[in-house]
Amino acid sequence: MRAVYRLATREDASRLYVIRRRSILELAPPTMPAAEAQAWASKLTRSGMERKLHELEVWVAEVDGVVAGWGAIRGDTLEGLYVAAEFAGQGVGAGLLGMLEGLMRERGFPSVQAEASLNARGFYLRRGYRVTGPQTPEGAWPIAKELPG
Ligand SMILES: CC(C)(COP(=O)(O)OP(=O)(O)OC[C@H]1O[C@@H](n2cnc3c(N)ncnc32)[C@H](O)[C@@H]1OP(=O)(O)O)[C@@H](O)C(=O)NCCC(=O)NCCS
């Protein structure tokens, strides 16, 4: 699927909030128990989304002018990756991830750091990430991927 990438603006907050919430509730189960997905989805409020837009570098993937997913980075850390449920399984997530890795590589970072939720672990491991430590108290795995120099 051909996506166009752009930086998010404050006007995107509402759409990005809904994408995150629905992607977690609809895509994480059944790999992740529904109650865990519910707890994860509820961790971010609408005003929290606005703060995120302020604090992180948030990139949006658009397909035919529609926001299909978003990813956030800070330095060499991937802070979030979410694909709208109706666009799942079409390469939007892989495309966004590859684009963000490219940005970090261009900026001279030797590796990407992230945390993989139970449902997304396989997605990252199939893309060259390795687990770097024990599961966090929230149930995610710290992961990293070396970037080509
Ligand atoms: C994890 C997540 C971002 C993946 O997004 P996605 O757009 O569905 O992912 P992709 O379509 O790129 O890849 C999913 C699978 O579809 C396959 N796929 C299907 N059609 C494809 C296409 N046209 N092009 C590329 N890949 C395609 C991919 O190969 C991939 O399979 P693989 O992981 O076995 O290699 C998404 O499921 C999501 O938002 N989940 C909820 C939130 C979440 O867990 N975020 C991660 C936080 S750690």
Side-chain angles (χ1 to χ4, degrees), residues 1-8 12-53 55-105 109 111-148:
M1 175 139 315
R2 191 143 188 87
V4 173
Y5 305 109
R6 64 168 174 82
L7 276 168
D12 292 308
S14 195
R15 169 90 179 135
L16 302 194
Y17 169 81
V18 172
I19 286 178
R20 176 187 177 278
R21 187 169 170 78
R22 286 198 46 215
S23 77
I24 294 170
L25 293 178
E26 294 177 34
L27 303 177
T31 313
M32 173 182 283
E36 267 178 51
Q38 192 59 255
W40 177 18
S42 305
K43 266 193 203 160
L44 188 74
T45 59
R46 276 178 199 268
S47 54
M49 185 71 231
E50 280 163 24
R51 266 200 309 281
K52 241 187 218 303
L53 284 169
E55 290 167 5
L56 304 175
E57 188 178 326
V58 181
W59 286 83
V60 158
E62 284 184 345
V63 175
D64 296 334
V66 176
V67 178
W70 61 274
I73 56 176
R74 175 159 45 192
D76 69 347
T77 304
L78 178 72
E79 298 277 359
L81 184 71
Y82 303 97
V83 169
E86 61 272 28
F87 285 95
Q90 299 174 36
V92 173
L96 252 174
L97 183 62
M99 188 277 293
L100 295 172
E101 289 170 356
L103 282 180
M104 290 189 251
R105 186 178 52 78
F109 292 111
S111 61
V112 184
Q113 317 299 317
E115 280 189 2
S117 52
L118 175 61
N119 61 293
R121 206 180 114 114
F123 170 83
Y124 288 112
L125 296 186
R126 285 188 289 279
R127 284 167 181 80
Y129 286 78
R130 62 191 164 79
V131 175
T132 55
Q135 217 174 346
T136 66
E138 291 78 33
W141 278 270
I143 53 170
K145 177 179 178 172
E146 314 311 318
L147 295 171

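Counting convention: from 1, in listed order, for ligands and their atoms alike. Owing to the predicted nature of the structure, the values given are computational and were not obtained by experimental measurement.
Ligand 1 has at least one atom lying under 4.0 Å from a heavy atom of Trp40.
Taking every non-hydrogen atom of Leu27 and a distance limit under 4.0 Å, the qualifying atoms of ligand 1 come out as 36 (C), 37 (O), 38 (C), 39 (O), 40 (N). Here is the list of ligand 1 atoms found below 4.0 Å of a heavy atom in Ser117: 44 (O), 47 (C), 48 (S). Of all atoms in ligand 1, listed by their number and element, those nearer than 4.0 Å to a heavy atom of Val92 are 7 (O), 12 (O). Taking a cut-off of under 4.0 Å to the non-hydrogen atoms of Tyr124, the atoms of ligand 1 that pass are 46 (C), 48 (S). Taking a cut-off of under 4.0 Å to the non-hydrogen atoms of Ala88, the atoms of ligand 1 that pass are 8 (O). Within ligand 1, counting atoms from 1 as listed, the ones closer than 4.0 Å to a heavy atom of Arg127 are 28 (C), 29 (O), 30 (C), 32 (P), 33 (O), 35 (O). Interface of Glu115 with ligand 1, defined as ligand atoms under 4.0 Å from a residue heavy atom, comprises 48 (S).
Under the 4.0 angstrom criterion, atom 21 (C) of ligand 1 counts as having a protein heavy-atom contact. Taking a distance limit of 4.0 Å, we find that atom 46 (C) of ligand 1 is approached by some protein heavy atom.
In terms of polar-atom proximity, Asn119 is counted as a contact of ligand 1, with an N or O under 3.5 Å from an N or O of the ligand. Considering backbone and side-chain atoms together, Phe87 places no N or O closer than 3.5 Å to any N or O of ligand 1. For the pair Gly93 and ligand 1, the shortest N or O to N or O distance falls below 3.5 Å.
For the pair Arg20 and Tyr17, the NZ or CZ position fails the cation-pi test of under 6.0 Å to the six-membered ring centre and within 45 degrees of the ring normal.
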* To do: Step by step, work out the side chain to side chain contact (heavy atoms under 4.5 Å, CB included) result for Glu138 and Lys43.
  => CA-CA 11 Å; Glu138 291 78 33; Lys43 266 193 203 160; 3.6 Å; yes
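Distance CZ/Phe109 to CD/Glu146: 14.0 Å, rounded to 0.5 Å. We find the OG-CD1 distance between Ser42 and Ile24 to be 9.0 Å, quoted to the nearest 0.5 Å. Atom CG of Leu147 is separated from atom CG of Asp76 by 8.5 Å, given to the nearest 0.5 angstrom. With rounding to the nearest 0.5 Å, the separation of NZ in Lys52 from CZ in Arg74 is 8.0 Å.
In this structure, the side chains of Leu78 and Leu97 come closer than 4.5 Å at one or more pairs of heavy atoms. Val18 places a side-chain heavy atom less than 4.5 Å from the side chain of Arg46.
Here atom 12 (O) of ligand 1 lies nearest to Ala94 when heavy atoms of Ala94, Gly89, Ala120 are compared.
In terms of heavy-atom proximity, Leu100 sits nearest to Ala72 at CD1-N, 4.4 Å.
Between the side chain of Arg15 and the backbone N or O of Val67, at least one donor-acceptor pair lies under 3.5 Å. Although no hydrogens or angles enter the test, the distance criterion places no donor-acceptor pair under 3.5 Å between the side chain of Arg6 and the main chain of Val60.
Remark: minimum distance from atom 2 (C) of ligand 1 to any protein heavy atom is reached at Val83 CG2, 4.6 Å. Looking only at protein heavy atoms, the nearest one to atom 34 (O) of ligand 1 is Arg126 NE, 2.7 Å. For atom 4 (C) of ligand 1, the closest non-hydrogen atom on the protein side is Phe123 CE1, 3.9 Å. Remark: minimum distance from atom 11 (O) of ligand 1 to any protein heavy atom is reached at Gly91 N, 2.7 Å.
Residue contacts with ligand 1, taken as heavy atom pairs separated by less than 4.0 Å, involve Gln90 solely via the backbone atoms N, CA, C and O.
In this pair, Trp70 and Tyr82 present their aromatic rings tilted. The plane angle is within the 30 to 60° band.
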